[in-house]
Amino acid sequence: MRAPHVSGAVPQSCPDGCGGPSPTCAYCSCRCARPCETCPVRCCFRRDADAWLSDVGGSLDLDLPWVRIPLPNLPPLIPVLGGPVSPLPPWPAWGVRWDLFLSRDGTRAQPRWLDGRTPQEIIGAAPDAAVVLTLVGADPAIEGLWTRQWSGRLWEAVARAGFDVVVGPNYSVYGDHPRFEHRLNVKRSLLAALRLRLFGVPAVPSVYAWRREDVEALGRWARGAGLDAVAVTLQTFRSAREWNRALALLLALRDALPPGVRWFFPGVSSRVRVETLRGLFPGCSVLTLWPYQCAVHGRRIRSDGQAERYPARPAELLEENLRVVAAWAGCTI
């Protein structure tokens, strides 16, 4: 999402706590016609900036505790479902996309997850399979989740659903947004996972970094707090240039975090990227919607990474696609 703005003016000096200057910011001289409170981008000049700071503990500093909760053993590949497929092929862990659990606006949980059935029963997985909810979603939905987190008792709803692992919401860090927004969203992502853990949920925080100082701040916090797991969403890095930049920051983050951190990578859908991440982050889990997406659209994934039309039922295609992608991740079906 991008707010209307006027560029070219000389940036104002930023007040304390703004997050610092950013040469890529497209909003430093913004003069929106709309009220600040309706703008989807937060900066230090917003009239409600203090309210946003208060909402994350009073500052942009990563001054959060951490709660350790054991995570189950998970396979290198976790296929994510975006809808029903029956029968599901045998696999030790399945992912559930955010919009199967939350409403499209992110403000409430779907009733079927709270009716007393297990996640395995709802998706049709084996009783001993792990089910991972990923709250990595569209910006409007996860903003709705944040707005209604307390009034809608949404963290409590996630806890009641009984997922084996929950990948926390990914509050976005866009390169052309103000540093205030970057640092606010880094902290909100950590806070969301922490609040889930306070409800007993084995949650994994989603993390983004735009500059090396973000990596350093995350590293200092993670080492001091004893972070045990982290998720980095890679679905928005589409070009080779974007991927290479993301990978450089990812390697810096790997070196900055404490040893033994478990890595989760939602949104990976190419053979090269799956193989690269599995090589650089041994023990990581890749979460991908691609086998499901191809299956429900009648496409079979080939070993070379291309997808082709193939006449088969979605369940058969899902099994075939899972077999191919699992091989890239170093496991078999």
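From a predicted model like this one, the values you see are computed outputs, not experimental measurements. Hydrogens, waters and symmetry mates play no part in the numbers below; they use all other heavy atoms, side chains included.
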Show me, pair by pair, the donor-acceptor contacts under 3.5 angstrom made by side chains of residues 291-298, not counting sequence neighbours?
unit_1 : atom_1 : unit_2 : atom_2 : d
Y292   : OH     : G83    : N      : 3.1
H297   : ND1    : Q293   : O      : 2.8

inquiry  = Rounded at 0.5 Å granularity, tell me how far CG in L145 sits from CH2 in W155.
reply    = 4.0 Å
inquiry  = With a sphere of 6.0 Å drawn around CZ of R108, does it hold more than 12 non-hydrogen atoms of other residues, nucleotides or ligands?
reply    = no
remark   = Closest non-hydrogen atoms of L133 and R97, given as atom of the first, atom of the second and distance, are CD1-O, 4.3 Å
request  = Please check if any side-chain donor atom of T276 sits under 3.5 Å from a side-chain acceptor atom of R273, or the reverse.
outcome  = no
For residues 55-65, tabulate all N or O donor-acceptor pairs below 3.5 Å that involve a side-chain atom, not counting sequence neighbours.
unit_1 : atom_1 : unit_2 : atom_2 : d
D55    : OD2    : W146   : NE1    : 2.5
S59    : OG     : D61    : N      : 3.2
D63    : OD1    : K187   : NZ     : 2.8

key: Lys/Arg N to Asp/Glu carboxylate O, E213 vs R183, below 4.0 Å   = no
message = Quick check on side chain to side chain contact (heavy atoms under 4.5 Å, CB included): which of V166, V167, V165 does F163 satisfy it with?
response = V166
request  = Output all residues satisfying ring-ring contact (aromatic ring centres under 6.0 Å, His included) with F264, sequence neighbours left out; order by chain, then residue number.
outcome  = none
message = Return the CG to CD1 distance between D105 and I142, rounded to the nearest 0.5 Å.
response = 13.5 Å
remark   = dist I122:CD1 -> L100:CG (nearest 0.5 Å) comes out at 10.5 Å
task = Determine whether more than 12 heavy atoms belonging to other residues, nucleotides or ligands lie under 6.0 Å from atom CZ of R212.
result = no
task = Not counting sequence neighbours, which residues clear ring-ring contact (aromatic ring centres under 6.0 Å, His included) with W66? List them please.
result = W221
key: Test salt bridge (Lys or Arg N to Asp or Glu O under 4.0 Å) applied to R254 - qualifying residues, sequence neighbours left out   = none
Spacing of CZ belonging to R323 relative to CG belonging to L318, to within rounding of 0.5 Å = 10.5 Å
query = Will you find, in the side chains of R188 and N185, an N or O donor that is under 3.5 Å from an N or O acceptor?
reply = yes
key: Atom pair OG/CG of S269 and L234 - distance to nearest 0.5 Å   = 10.0 Å
remark   = The reported gap from CG in N321 to CZ in R300 (rounded to nearest 0.5 angstrom) is 9.0 Å
query = Under the salt bridge (Lys or Arg N to Asp or Glu O under 4.0 Å) test, which residues partner E121, sequence neighbours left out?
reply = none
message = Heavy-atom count check: over 12 atoms from other residues, nucleotides or ligands less than 6.0 Å from D115 CG?
response = yes
request  = Using a 4.5 Å cut-off on heavy atoms from C-beta on, say whether the side chain of R153 contacts that of F199.
outcome  = no
query = Quick check: are there more than 12 heavy atoms from other residues, nucleotides or ligands sitting under 6.0 Å from OH of Y310?
reply = no
task = Treating Ile, Leu, Val, Met, Phe, Trp and Tyr as nodes and any side-chain heavy-atom pair under 4.5 angstrom as an edge, say whether L74 and W91 lie in one connected cluster.
result = yes
query = Considering residues, nucleotides and ligands other than R112, do more than 12 of their heavy atoms fall under 6.0 Å from its CZ?
reply = yes
task = Report the relative orientation of the aromatic rings in F265 and F281; use parallel for angles under 30°, tilted for 30 to 60°, perpendicular for over 60°.
result = perpendicular
ask   = So which of V136, V80, L289 actually passes side chain to side chain contact (heavy atoms under 4.5 Å, CB included) with P266?
value = V136
SB check R104 D99 (cutoff 4.0 Å) = yes
